[in-house]
Amino acid sequence: AQSVTQLGSHVSVSEGALVLLRCNYSSSVPPYLFWYVQYPNQGLQLLLKYTSAATLVKGINGFEAEFKKSETSFHLTKPSAHMSDAAEYFCAVSDDYKLSFGAGTTVTVRA
Amino acid sequence: NAGVMQNPRHLVRRRGQEARLRCSPMKGHSHVYWYRQLPEEGLKFMVYLQKENIIDESGMPKERFSAEFPKEGPSILRIQQVVRGDSAAYFCASSPPGTSGRQDTQYFGPGTRLTVL
């Protein structure tokens, strides 16, 4: 079965600083990986997904993620944090049609 | 808004009552997935349905939980005789016909927050 682990349940960054959220996966087959964002009291919104076309994936709102097979990682980054980036972020791997999610990382942005 | 709709957004039930959660998929979508999010945890898959068919219910508790997606109307997740441990956020997602593969995107609704007193 496929699974992901998110390192760090809370991340605090200053406005304008780099955002780095860590995700490691475990998969017996080439993985399909996703990052979702959840704003308070809202559903999950897709930020980006990796489907083996390119190892560096660009998403919405200035986010990108790099797939590294040697490290079994799919970390999410944004060069410059904005106050509106405060939310919870979930990494997920697809196991056929089921998504297996990590426990989530809550991002707070300091002014 | 053509997104996935769920209602109610918040539901309070007393132990022993029934909870009915509704999900209307995005227009044109015929695949529906239900996930549960317990406090401090990620989302866990519960069930996958297509119109009038349950494709995979491997994530559903064996008792008290059921789901349907009728030919007409929304998908319903039903929890009978609720207990405090059922308190969670329940999310519905949908995808278009011809999808449900590993790389396909699921579109999520805003969730229903169930509180059992």
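All chains are named by letter (A, B, ...) in the order of the sequence lines, taking the proteins before the strands, and each is independently numbered beginning at 1.
Looking at heavy atoms from C-beta onward, A/Leu99 lies out of side-chain contact with B/Tyr33 at the 4.5 angstrom threshold.
Interface remark: of the candidates A/Gln6, A/Gln42, A/Lys98, A/Lys98 forms the most heavy-atom pairs closer than 4.5 Å to chain B. With respect to chain A, the highest number of heavy-atom pairs below 4.5 Å among B/Gly109, B/Gly111, B/Ala93 belongs to B/Gly109. In terms of heavy-atom pairs under 4.5 Å with chain A, the best-connected choice from B/Phe91, B/Tyr107, B/Phe45 is B/Phe45.
Put simply, the side chain of B/Lys44 never gets that close to the backbone of B/Leu38: no donor and acceptor are under 3.5 Å apart.
Proximity to chain B is limited to the side chain of A/Tyr36, based on heavy atoms less than 4.5 angstrom apart. Within the 4.5 angstrom heavy-atom criterion, only side-chain atoms of B/Gln37, from C-beta onward, approach chain A. Contacts between A/Leu44 and chain B at a heavy-atom distance below 4.5 Å involve backbone atoms as well as side-chain atoms. A/Gln38 touches chain B through its side chain: at least one heavy atom from C-beta onward sits under 4.5 Å away, while N, CA, C and O do not.
A side-chain donor from one of A/Ser28 and A/Gln2 sits under 3.5 Å from a side-chain acceptor of the other.
Interatomic distance, CD1 of B/Ile54 versus OH of B/Tyr48, reported as 12.5 Å (0.5 Å rounding). Rounding to the nearest 0.5 angstrom, the gap separating the CG atom in A/Leu76 from the CZ atom in A/Arg22 is 12.0 Å.
Contacts of residues 11-21 of chain A with chain B at a heavy-atom distance below 4.5 Å are absent; not one residue qualifies.
Screening residues 18-28 of chain B for side chain to side chain donor-acceptor pair (under 3.5 Å) gives no qualifying pairs among residues at least two apart or on separate chains.
For the salt bridge (charged side-chain N to carboxylate O under 4.0 Å, His left out) test, no residue two or more places apart in sequence or in another chain qualifies with B/Arg15. B/Lys51 pairs by the salt bridge (charged side-chain N to carboxylate O under 4.0 Å, His left out) definition with nothing, not counting sequence neighbours.
The neighbour count for B/Arg64 CZ, taken as heavy atoms of other residues, nucleotides or ligands under 6.0 Å away, is above 12.
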